[in-house]
2 protein chains.
Amino acid sequence: MNLTTAEENYLKAIYHLSEGGSKSVSTNDIAGEMKTKPASVSDMLRKLSDKEVIEYRKYYGVHITEEGKKRALQTIRKHRLWEVFLVDKLNFAWDEVHEVAEELEHIQSPLLIQRLDAYLNYPKFDPHGDPIPDEYGDVRARPRVPLNEMDLDQTGQIVAVKDSSAAFLRYLDKVGAYIGARIKILDRVEFDGSLEILVDNKKNIFMSKDVAGNILVIQS
Amino acid sequence: MNLTTAEENYLKAIYHLSEGGSKSVSTNDIAGEMKTKPASVSDMLRKLSDKEVIEYRKYYGVHITEEGKKRALQTIRKHRLWEVFLVDKLNFAWDEVHEVAEELEHIQSPLLIQRLDAYLNYPKFDPHGDPIPDEYGDVRARPRVPLNEMDLDQTGQIVAVKDSSAAFLRYLDKVGAYIGARIKILDRVEFDGSLEILVDNKKNIFMSKDVAGNILVIQS
DNA sequence: TATTATTTTTAGCTATATCTAATTTAATTT
DNA sequence: AAATTAAATTAGATATAGCTAAAAATAATA
């Protein structure tokens, strides 16, 4: 059973709102996420339920099914692969890619995605540091922690940022704390929680607790 | 005024059927090209006429307007650039790309197309040898002639094929007469019009008039 | 020219995806 | 437990894009 573009978008929203399929999701929340009205959501839920990608009990919210989860992860995979393409190959900035990827993710061609994946050298994370599911929908995501929660002397790699405002991105660029950078916590000022960090084994920088809280790291 | 995907497809069909905007096109022909019914075409012509991309007089066929021509050429430009991407970067065969490009051509992002063009090094022809319009809709196409119409001793470069069946492509591959190959007419058998051709200055091949009629060349 | 054939359009229907307004169900509060 | 509030659904529109069947207009032919 094929899904329309609108159905794919709703399913993706439900997947995200349910935090990977665990939580039940309300009609209102979906309407908020999709920027549509609850009435439209009710209609769509009936359709998605008919196609067995969600379990739907009227007035009691929805759960995504295993099949639905697989479908959502396929769409997410395509979205994130296109984002990598736009940034790595077409020199888009990481905060410019979402809209276009939102369109590209609906192109229907398994071969295209296979080839794109190979061409990009099988990336595991998108430009925002979010993990890219494999073609079976498996995500091998190591836990990501905010930089300010790391212990002294610990090492890791920056994989994502929470704030992606232009100002914040400029700051990161300036100090060299880009996605992929390897970091080590050298010191912590107990008074304000600010940190001294070694970036890529060559540069010492100081960072406020606030800033560090917006940077996500995979420990190693 | 923006066009929907369906409107873009109709406009492209009208542009092609009118051979670049010169001829007037009938409802039936459009229905044939679009694989829809004439009744659906009538509906669509009203919409396209409202958006001033065609001139429409009921029962007398349509003419594409200057604005319509510009829009059609934009879509064709996007289609052909994506075809180059699929063949050059993702290793698709030239006869595998049409379907996917048909979807990709509707992605709405001028920046994307600008960057893609640069990334592909501003190609002037697509993998089938068809010219790629520039961002203003200008096509700088040198005239293309069937190989069998070339004079003795004339040189040229293969830029396209009319027949793209697997069998024909295999044959071309075997004899080295791929797109881009430089050729010279060495001899012509008057009896059946078959040709002896020098390919890339190193290989002599014989070719029937029929085969040669399916190969398009730019003379030089 | 009158008749026939072809082409094109209109009228009315279906499906998707949205909306507003009204109604129903569930949850909360007094 | 009854009344109120909040959430969700249904009913009935609209717009797009297609269809079939019937009607109208043009083109072709006897």
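Reminder, nothing fancy here: chain letters follow the sequence lines and each chain counts from 1.
The distance from atom CG of A:N9 to atom P of C:dT18 is 9 Å, rounded to the nearest whole Å. Going from atom CE of B:M44 over to atom P of D:dA15 covers 16 Å, rounded to whole Å. In this structure, the NZ atom of B:K35 is 14 Å from the P atom of D:dG18, given to the nearest Å. With rounding to whole Å, B:D29 atom CG is found 10 Å from C:dT7 atom P. Across the protein-nucleic acid pair, B:R46 atom CZ and C:dA11 atom P stand 11 Å apart, rounded to whole Å. Here C:dT9 presents its C1' atom at 16 Å from CG of B:L48, a figure rounded to the nearest Å. Rounded to an integer number of Å, the gap from A:N2 CG to C:dA15 P is 18 Å. Rounded to an integer number of Å, the gap from CE of A:M34 to P of D:dA8 is 16 Å.
In the set C:dT18, C:dT8, C:dT24, the nucleotide with an atom closest to the side chain of A:D43 is C:dT18. Nearest to the side-chain atoms of B:S42 among the listed nucleotides D:dT9, C:dT10, C:dT16 stands C:dT10. Distances from the side chain of B:P38 to the nucleotides C:dT9, D:dA17, D:dG18 place C:dT9 closest. Which of C:dT9, D:dC19, D:dT10 sits closest to the side chain of A:A39 comes down to D:dT10. Here the side chain of B:K37 is nearest to one of D:dC19, D:dT9, C:dA17, namely D:dC19.
Mapped onto DNA chain C by nearest heavy atom, A:K58 and A:S40 fall at different nucleotides, with A:S40 at the one closer to the 5' end. Comparing A:T36 and B:G61 by the nucleotide of DNA chain C whose heavy atom lies nearest to each, the residue mapping closer to the 5' end is B:G61.
Between C:dT18 and A:Y10, a contact under 4.0 Å exists linking OP1 or OP2 to a side-chain N or O. Taking side-chain N and O atoms only, B:Y56 has a distance below 4.0 Å to OP1 or OP2 of C:dT9. Residue B:S26 has no polar side-chain atom (N or O) positioned under 4.0 Å from OP1 or OP2 of C:dT7. The shortest distance between the side-chain N/O atoms of A:Y60 and the OP1/OP2 oxygens of C:dA26 is below 4.0 Å. Between B:N28 and C:dT6 there is no side-chain polar atom (N or O) within less than 4.0 angstrom of OP1 or OP2.
Heavy-atom contacts from other residues, nucleotides or ligands closer than 6.0 Å to CD of B:Q154 number more than 12. With a 6.0 Å radius and a threshold of 12 heavy atoms from other residues, nucleotides or ligands, B:K51 has its NZ atom above the threshold.
Side-chain contact of B:Y59 with B:T27: a donor-acceptor pair under 3.5 Å is absent, judged by distance alone.
Not counting sequence neighbours, B:R188 has no partner by the side-chain hydrogen bond (donor to acceptor under 3.5 Å, both in side chains) test.
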Got a list of side-chain donor-acceptor pairs under 3.5 Å for residues 92-100 of chain A, not counting sequence neighbours?
from: A:E96; atom 1: OE1; to: A:A93; atom 2: N; distance (Å): 3.0
from: A:H98; atom 1: ND1; to: A:H79; atom 2: NE2; distance (Å): 3.3
from: A:H98; atom 1: NE2; to: A:E102; atom 2: OE1; distance (Å): 3.1

